[in-house]
K.L.:
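First, the structure itself, so that you have it in front of you.
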Amino acid sequence: DTAVSQTPKYLVTQMGNDKSIKCEQNLGHDTMYWYKQDSKKFLKIMFSYNNKELIINETVPNRFSPKSPDKAHLNLHINSLELGDSAVYFCASSHRTGDGYTFGSGTRLTVV
Amino acid sequence: KNEVEQSPQNLTAQEGEFITINCSYSVGISALHWLQQHPGGGIVSLFMLSSGKKKHGRLIATINIQEKHSSLHITASHPRDSAVYICAVSSTGNQFYFGTGTSLTVIP
């Protein structure tokens, strides 16, 4: 069983569309994260949730909205997609202390 | 200037060599992480450190809190170690910062 699973793995969509990326972890971790890796391979944290509560919310456009229905899921909704949103998005989870950090395999988003 | 600086940016080594990757940071931290990103894109967490030293197989990570510096060492390097190694810190202000990564190529 995959510990942190993201879907879809690839997403190609037109500008202006609204899309969602799903993330689920079966590790019993308390904390989940979303990261963006740009074309220069630089990683940046976007959001962090602990037990369904938002604890890190970096400066990202409000077109990006995380949704955590329970502590095993953290989905990322993106409205009005722009070309600059094209990137690889990684979900991750960890214990509250940061131990056991595990990444999903990434979702490559291409906005055309 | 990034809160987390890594060196070198690129590193090529012969199989069997001892490798060191350095990470310096400028913020107060609660933990430092070393990550490995394979050519296929997957990311693996190698270590989480808040003090001292950790060892896992041929990998050793050290941290000096006073000097705000960490090193990742690979002993007896192997071509399968070829990857990008990323240093990241969880700051005491609940922020998360990444280095730009060190691209390692180990030649047989």
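Numbered from 1 within each chain, the chains take letters A, B, ... in sequence-line order.
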K.L.:
Can you hop from B:Val4 to B:Leu104 via hydrophobic side chains spaced under 4.5 Å?
P.N.:
yes

K.L.:
Check step by step if side chain to side chain contact (heavy atoms under 4.5 Å, CB included) holds for A:Tyr35 and B:Ile43.
P.N.:
CA-CA 11 Å; A:Tyr35 299 93; B:Ile43 299 176; over 6 Å; no

K.L.:
Could you give the distance from CZ (B:Phe96) to OH (A:Tyr33), rounded to the nearest 0.5 Å?
P.N.:
6.5 Å

K.L.:
Relative to chain A, which segment of B:Ser90 carries a heavy atom at a distance below 4.5 Å: side chain, backbone, both, or neither?
P.N.:
neither

K.L.:
Looking at CD of A:Gln37 and CD of B:Gln37, how far apart are the two atoms once the value is rounded to the nearest 0.5 Å?
P.N.:
4.0 Å

K.L.:
Show the nearest heavy-atom pair for residues A:Leu43 and B:Phe98, with the distance to one decimal.
P.N.:
O-CD1, 3.3 Å

K.L.:
Using the rule that Ile, Leu, Val, Met, Phe, Trp and Tyr join whenever any side-chain heavy atoms are under 4.5 Å apart, tell me whether A:Ile21 and A:Leu83 fall into a single cluster.
P.N.:
yes

K.L.:
Should the heavy atoms of other residues, nucleotides or ligands under 6.0 Å from NZ of A:Lys22 be counted, would the total exceed 12?
P.N.:
no

K.L.:
Side-chain heavy atoms nearer than 4.5 Å, only ILVMFWY residues, links allowed to pass through others: does that put B:Val89 and A:Phe103 together?
P.N.:
no

K.L.:
Among residues 64-79 of chain B, which residues come closer than 4.5 Å to chain A, judged by heavy atom distances?
P.N.:
none

K.L.:
For A:Tyr101, which atoms come within 4.5 Å of any heavy atom of chain B: side chain, backbone, both, or neither?
P.N.:
both

K.L.:
Would you find more than 12 non-hydrogen atoms of other residues, nucleotides or ligands less than 6.0 Å from B:Lys53 atom NZ?
P.N.:
no

K.L.:
Among the clusters formed by ILVMFWY side chains lying less than 4.5 Å apart, do B:Phe47 and B:Tyr97 turn up in the same one?
P.N.:
yes

K.L.:
Taking only distance into account, with no hydrogens and no angle test, what donor-acceptor pairs under 3.5 Å do side-chain atoms of residues 104-112 of chain A form with protein atoms, sequence neighbours excluded?
P.N.:
{"unit_1": "A:Thr107", "atom_1": "OG1", "unit_2": "A:Gln6", "atom_2": "NE2", "d": "3.1"}
{"unit_1": "A:Thr107", "atom_1": "OG1", "unit_2": "A:Pro8", "atom_2": "O", "d": "2.6"}

K.L.:
So what's closer than 4.5 Å to chain B heavy atoms on A:Lys44: side chain, backbone, both or neither?
P.N.:
backbone

K.L.:
Is it the case that one hydrophobic cluster holds both B:Val84 and B:Ile21, taking links as side-chain heavy atoms less than 4.5 Å apart, direct or via other members?
P.N.:
no

